[in-house]
Colleague: 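Here's a structure for you.
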Protein chains: 2
Amino acid sequence: MARAATTSDAFNAIAEPQRREILVLLRGGERPVTDLARDLGMTQPQASKHLRVLREVGLVQVRGAGKQRLYGLDARGLRPIHEWVGGFERFWNESFDRLDEYVQELKQARQEGPQDGDDQ
Amino acid sequence: MARAATTSDAFNAIAEPQRREILVLLRGGERPVTDLARDLGMTQPQASKHLRVLREVGLVQVRGAGKQRLYGLDARGLRPIHEWVGGFERFWNESFDRLDEYVQELKQARQEGPQDGDDQ
DNA sequence: TTGACGCATTCCGATATAGGCATATGATGG
DNA sequence: CCATCATATGCCTATATCGGAATGCGTCAA
């Protein structure tokens with residue numbers, strides 16, 4: 001029907017580059033919205049919206065500090081992603097080996113040789 | 001103006017659960033489209049579309065095998081994701097420390113409310 | 001060639017995004 | 001209470017998604 005909501009999980013939330021940048025900035029510590037917006041060259045409403053998404057999936061937390069609201073990183077939600085992707089670790093190493101055979105097959109295929117005839 | 005294209009990068013491509021499932025299945029080796037579709041309980045066109053996206057971002061490769069087209073994993077595109085997310089590793093551990101203060105605050109707050117049973 | 005199979009690609013509709021802009025809400029200080 | 005700063009939310013448009021159904025290829029077997 002449409003793409004899954006950006007707030008449906010961390011995978012969707014971090015699919016947006018600006019949200020990733022926000023998370024990276026927050027590694028440096030808590031920060032108010034305007035600060036983030038300025039540093040990332042986006043408008044304040046934009047920042048607020050992105051932060052809302054990040055908050056809904058639990059990747060950031062807010063803390064009221066007087067007039068300001070300090071957003072802080074809560075990276076625990078990234079762990080499942082790291083683990084899921086990590087499940088492919090041996091494959092992106094293996095890929096080079098596997099591609100070796102692959103490449104050779106392709107070389108042969110390119111020769112257009114029907115049944116035999118190949119060298120090299 | 002709209003969300004970034006699913007084909008814009010691996011982050012967006014794997015935001016879709018079904019595509020993640022496809023990738024997982026492909027860890028078991030190359031497979032034809034219909035096979036994947038059946039195993040994942042989706043229609044063949046759906047599978048083809050998802051595979052197209054995965055292919056455009058380079059996460060899978062295709063290889064014609066007679067009538068069939070065998071899709072295979074190319075996990076190299078997942079590596080940048082793993083690294084990016086890995087950049088937060090110390091934070092989701094640290095979170096527990098930082099959360100220590102947090103949890104204590106919560107405990108105090110809870111001391112007035114109902115108690116949760118212990119679990120494990 | 002015809003037919004059957006495997007797969008890709010259309011067209012359709014519904015949805016919700018990201019961006020820009022205006023404005024509402026909230027808290028602080030006089 | 002009022003003005004001000006900090007942030008959130010509402011409204012709007014353009015866009016691209018995912019899902020479904022139908023159909024268009026390309027390949028193989030008689």
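So you know, we letter chains A, B, ... as the sequences are listed, proteins then strands, and number each from 1.
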Colleague: A/Arg19: what forms a side-chain hydrogen bond (donor to acceptor under 3.5 Å, both in side chains) with it, not counting sequence neighbours?
Modeller: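 Residues passing side-chain hydrogen bond (donor to acceptor under 3.5 Å, both in side chains) with A/Arg19: A/His50.
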Colleague: Under 3.5 Å between N/O atoms: give me all the protein pairs with nucleotides 12-21 of chain C, atom names plus distance.
Modeller:
| residue | atom | partner | partner atom | Å |
| --- | --- | --- | --- | --- |
| C/dA14 | N3 | A/Met1 | O | 2.7 |
| C/dT17 | OP1 | A/Thr6 | N | 3.4 |
| C/dT17 | O2 | B/Met1 | O | 3.4 |
| C/dA18 | OP1 | A/Arg19 | NH1 | 3.2 |
| C/dA18 | OP1 | A/Arg19 | NH2 | 2.8 |
| C/dA18 | N3 | B/Met1 | O | 2.7 |
| C/dG19 | OP1 | A/Gln18 | NE2 | 2.9 |
| C/dG19 | OP2 | A/Gln46 | OE1 | 2.6 |
| C/dG19 | OP2 | A/His50 | NE2 | 3.2 |
| C/dG20 | O6 | A/Lys49 | NZ | 2.6 |

Colleague: Would you mind reading off the distance between B/Ile14 atom CD1 and D/dT17 atom P, rounded to a whole angstrom?
Modeller: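 My rounded result for the distance is 16 Å.
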Colleague: Between C/dA8 atom C1' and B/Leu36 atom CG, what is the distance in whole Å?
Modeller: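 Going from CG in B/Leu36 over to C1' in C/dA8 covers 15 Å.
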Colleague: Between D/dA6 and A/Tyr71, is there an OP1 or OP2 to side-chain N/O distance shorter than 4.0 Å?
Modeller: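 False: A/Tyr71 side-chain N/O out of range (4.0 Å or more) of D/dA6 OP1/OP2.
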Colleague: Is A/Gln44 touching bases, backbone alone, or none of the nucleic acid, heavy atoms closer than 4.0 Å?
Modeller: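 Since a base atom lies under 4.0 Å of A/Gln44, the category is base.
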Colleague: For B/Glu83, check side-chain contact (heavy atoms from CB on, under 4.5 Å) against everything at least two apart and list the hits.
Modeller: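 Here the qualifying residues are B/Arg79.
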Colleague: What's the CZ-P distance between A/Arg55 and D/dA8, to the nearest Å?
Modeller: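 To the nearest whole Å, that distance equals 9 Å.
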Colleague: What heavy-atom pair brings B/Gly72 and B/Leu26 nearest, and what distance separates the two atoms?
Modeller: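 Nearest heavy atoms, B/Gly72 then B/Leu26: C-CD1, 4.2 Å.
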Colleague: Which residues pass the side-chain hydrogen bond (donor to acceptor under 3.5 Å, both in side chains) test with A/Ser8, not counting sequence neighbours?
Modeller: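 With neighbours one apart ignored, the set is A/Asn12.
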Colleague: Carefully, step by step, assess B/Tyr71 and B/Ile22 under the rule side-chain contact (heavy atoms from CB on, under 4.5 Å).
Modeller: CA-CA 10 Å; B/Tyr71 280 86; B/Ile22 289 179; over 6 Å; no
Colleague: Taking only residues two or more places apart in sequence or in another chain, which ones pass salt bridge (charged side-chain N to carboxylate O under 4.0 Å, His left out) with A/Arg55?
Modeller: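 In terms of salt bridge (charged side-chain N to carboxylate O under 4.0 Å, His left out), with neighbours along the sequence ignored, A/Arg55 is linked to no residue.
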Colleague: The criterion is side-chain contact (heavy atoms from CB on, under 4.5 Å); which residues satisfy it with A/Arg20, sequence neighbours excluded?
Modeller: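 Result, side-chain contact (heavy atoms from CB on, under 4.5 Å) vs A/Arg20: A/Ile14, A/Pro17, B/Asp9, B/Phe11, B/Trp84.
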Colleague: Can you give me the N/O atom pairs linking the protein to nucleotides 25-30 of chain D at distances under 3.5 Å, or say none if there are none?
Modeller:
none

Colleague: Table please: side-chain donor-acceptor pairs of residues 41-49 of chain B below 3.5 Å, with sequence neighbours left out.
Modeller:
| residue | atom | partner | partner atom | Å |
| --- | --- | --- | --- | --- |
| B/Thr43 | OG1 | B/Gln46 | N | 3.2 |
| B/Gln44 | NE2 | B/Ser48 | OG | 3.1 |

Colleague: Rounding to an integer number of Å, can you tell me how far A/Arg63 CZ sits from D/dA6 P?
Modeller: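 After rounding, the reported distance stands at 17 Å.
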Colleague: Taking side-chain hydrogen bond (donor to acceptor under 3.5 Å, both in side chains) as the test, write out the residues that go with A/Glu21, two or more places apart.
Modeller: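 Counting only residues at least two positions away or on another chain, A/Glu21 forms no side-chain hydrogen bond (donor to acceptor under 3.5 Å, both in side chains).
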Colleague: Please determine whether a side-chain nitrogen or oxygen atom of B/Arg69 lies at a distance below 4.0 Å from atom OP1 or OP2 of C/dA8.
Modeller: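 Answer yes for this pair, as a side-chain N or O of B/Arg69 is under 4.0 Å from OP1 or OP2.
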Colleague: Expressed in angstrom and rounded to an integer, what is the separation of B/Arg52 atom CZ from D/dA16 atom C1'?
Modeller: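 Atom-to-atom, B/Arg52 to D/dA16, this comes out as 14 Å.
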Colleague: Mind calculating the distance between CZ (A/Arg31) and P (D/dA6) to the nearest angstrom?
Modeller: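 It is 15 Å, rounded to the nearest whole Å.
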